[in-house]
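All remarks here apply to the structure that follows.
Atoms within each ligand, like the ligands themselves, are counted from 1 in listed order.
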Amino acid sequence: MIDFQSILTSINKAASKEKDRGEIADYIPELAKIDVENFGIHLIDIKQNNFSAGNSDMHFSIQSISKVFSLSMALGLIGEKIWKRVDVEPSGDPFNHLSLLELENGIPRNPLINPGAIVVADILVSQLENPKKDFLAFIRNIANDNTIDFDLDVARSEQETGFRNFAAANLLKSYGNLNNDVDVVLDFYFHQCSLSMSCAQLTNTFYMFINHGKCKRENTFLTIPQVKRINAIMLTCGFYDEAGEFAFEVGLPGKSGVGGGIVALLPNKFCVATWSPGLNPKGNSKLGMLALEKLTTETQLSIF
Ligand code: GLU
């Protein structure tokens, strides 16, 4: 039996001593206010035992991690048709890069880079009666937690400074891969990214990816083939242009966000979330990556 708690406690101890904690993402001004000293980690195993250390209950902006939720909801709503509008290949480029979009005629490389997530947001805006409300209800339902909410200050902050996302959405529109108004789609997208959650809440929500599409209450949200697809996309595309390095160091599918969160999982075994807001040069949480490398090395648990 692996002693997850003592491993998390020692990871937290090592993190608290770390001097070089990376840089906070300040291109979204509201995120620049966060204290770089924060660190939290929470792990849930398949039997729903919970282990945590540090600021695991503190809320933070999950940013790009939300792209996994929007993809899950869109896949559930329109099924495999989604792949006509967004591809499933790693980009090897930063999350907000636009050049590939032009080269590939407005079909984004994958749903976890910004242009791909904006197409997914467009699908949800078309499909849902009250897009923001229905999306939030979907997440609350998976997590069985009605306290999860958008952070309206973060959404507004990104709305005011999200020039590259406006550029991406306009480019998608010019290629005919955006059916709704740019402003409407981006309003949805910025709210989705502003979701405020803790490490513990993230592992509750991602539990379905280790449990064949079933949430903690055993309600089915995704089919087994859909879970396979999303986990595969997380492995190959979940870490900007550092997905290779993450697979090499950690060896798990997952997703990170510029708020400093990372979720990673081993199907049938466990799901873990870390939060440390300082990022490495590729945009992934510096201490989060170190922590997860330590976790999979010490437990000898990875998909490889
Ligand atoms: N809302 C952020 C953006 O679109 C998400 C970036 C991220 O976390 O990777 O720039």
Side-chain angles (χ1 to χ4, degrees), residues 22-34 59-71 86 90-98 100-101 108-122 124-125 132 135 139 150-172 178 182-197 199 202 206 233-234 236-243 245-246 254-264 273-286 288-289:
E23 300 289 325
I24 303 247
D26 55 6
Y27 77 98
I28 301 174
E30 201 60 27
L31 295 186
K33 299 178 180 168
I34 310 298
H59 285 209
F60 60 91
S61 188
I62 72 164
Q63 291 296 320
S64 268
I65 298 172
S66 67
K67 293 171 182 171
V68 180
F69 301 144
S70 55
L71 174 62
V86 55
S91 74
D93 276 319
F95 65 99
N96 57 3
H97 227 255
L98 301 181
L100 268 179
L101 197 53
R109 266 288 166 112
N110 66 66
L112 301 185
I113 53 170
N114 286 9
I118 292 170
V119 167
V120 174
D122 183 55
L124 292 179
V125 167
K132 287 186 276 189
F135 176 69
I139 291 159
F150 301 126
D151 181 329
L152 300 181
D153 291 332
V154 171
R156 194 174 326 109
S157 182
E158 192 171 5
Q159 196 118 30
E160 285 164 7
T161 54
F163 305 113
R164 292 192 76 87
N165 286 322
F166 279 98
N170 277 293
L171 211 48
L172 289 164
L178 207 74
V182 164
D183 287 342
V184 173
V185 176
L186 286 183
D187 179 60
F188 177 87
Y189 172 77
F190 294 141
H191 278 81
Q192 152 198 333
C193 289
S194 82
L195 273 172
S196 176
M197 292 172 72
C199 293
L202 276 171
F206 273 73
I233 293 172
M234 281 197 257
T236 52
C237 312
F239 296 89
Y240 314 118
D241 47 343
E242 208 173 27
E245 180 75 12
F246 193 84
K255 182 72 197 96
S256 65
V258 293
I262 300 181
V263 186
T274 60
W275 174 51
S276 171
L279 308 180
N280 70 18
K282 297 271 171 103
N284 293 306
S285 169
K286 186 155 195 293
M289 274 187 75

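- Between Gly257 and ligand 1, a contact under 3.5 Å exists for no N or O pair.
- A search for side chain to side chain contact (heavy atoms under 4.5 Å, CB included) contacts involving Lys33 returns Glu30, not counting sequence neighbours.
- The proximity of Tyr27 to ligand 1, defined as any non-hydrogen pair under 4.0 Å, is limited to the side chain.
- The residue from Glu23, Glu242, Glu245 that alone fulfils the side-chain hydrogen bond (donor to acceptor under 3.5 Å, both in side chains) condition with Asn280 is Glu242.
- Qualifying salt bridge (charged side-chain N to carboxylate O under 4.0 Å, His left out) partners for Asp153, counting only residues two or more places apart in sequence or in other chains: Arg156.
- Under a 4.0 Å criterion applied to the non-hydrogen atoms of Val258, ligand 1 contributes the atoms 6 (C), 7 (C), 8 (O), 9 (O).
- Pro115 approaches Ala168 most closely through the heavy-atom pair CG-CB, 4.3 Å.
- The atoms of ligand 1 that sit less than 4.0 Å from any heavy atom of Cys193 are 1 (N).
- Checking Tyr189 against Asn114 by side-chain atom types alone, a donor-acceptor pair falls below 3.5 Å.
- Ser256 and Asn284 are linked by a side-chain donor-acceptor pair at a separation below 3.5 angstrom, with hydrogens and angles left out of the test.
- Looking at Glu158 against ligand 1, only its side chain comes within 4.0 Å, counting heavy atoms.
- Comparing Tyr189, Phe190, Phe239, Tyr240 by heavy-atom distance to atom 4 (O) of ligand 1, the nearest is Tyr189.
- At a heavy-atom cutoff of 4.0 Å, ligand 1 is contacted by the side chain of Asn114 but not by its backbone.
- Within the 4.0 Å heavy-atom criterion, both parts of Ser64, backbone and side chain, lie near ligand 1.
- Residue Asn165 touches ligand 1 through its side chain alone, judged by heavy-atom distances below 4.0 Å.
- Below 3.5 Å of separation, one finds no N or O of Lys67 facing any N or O of ligand 1.
- The backbone N or O of Leu112 lies less than 3.5 Å from a partner atom in the side chain of Lys67, making a donor-acceptor pair.
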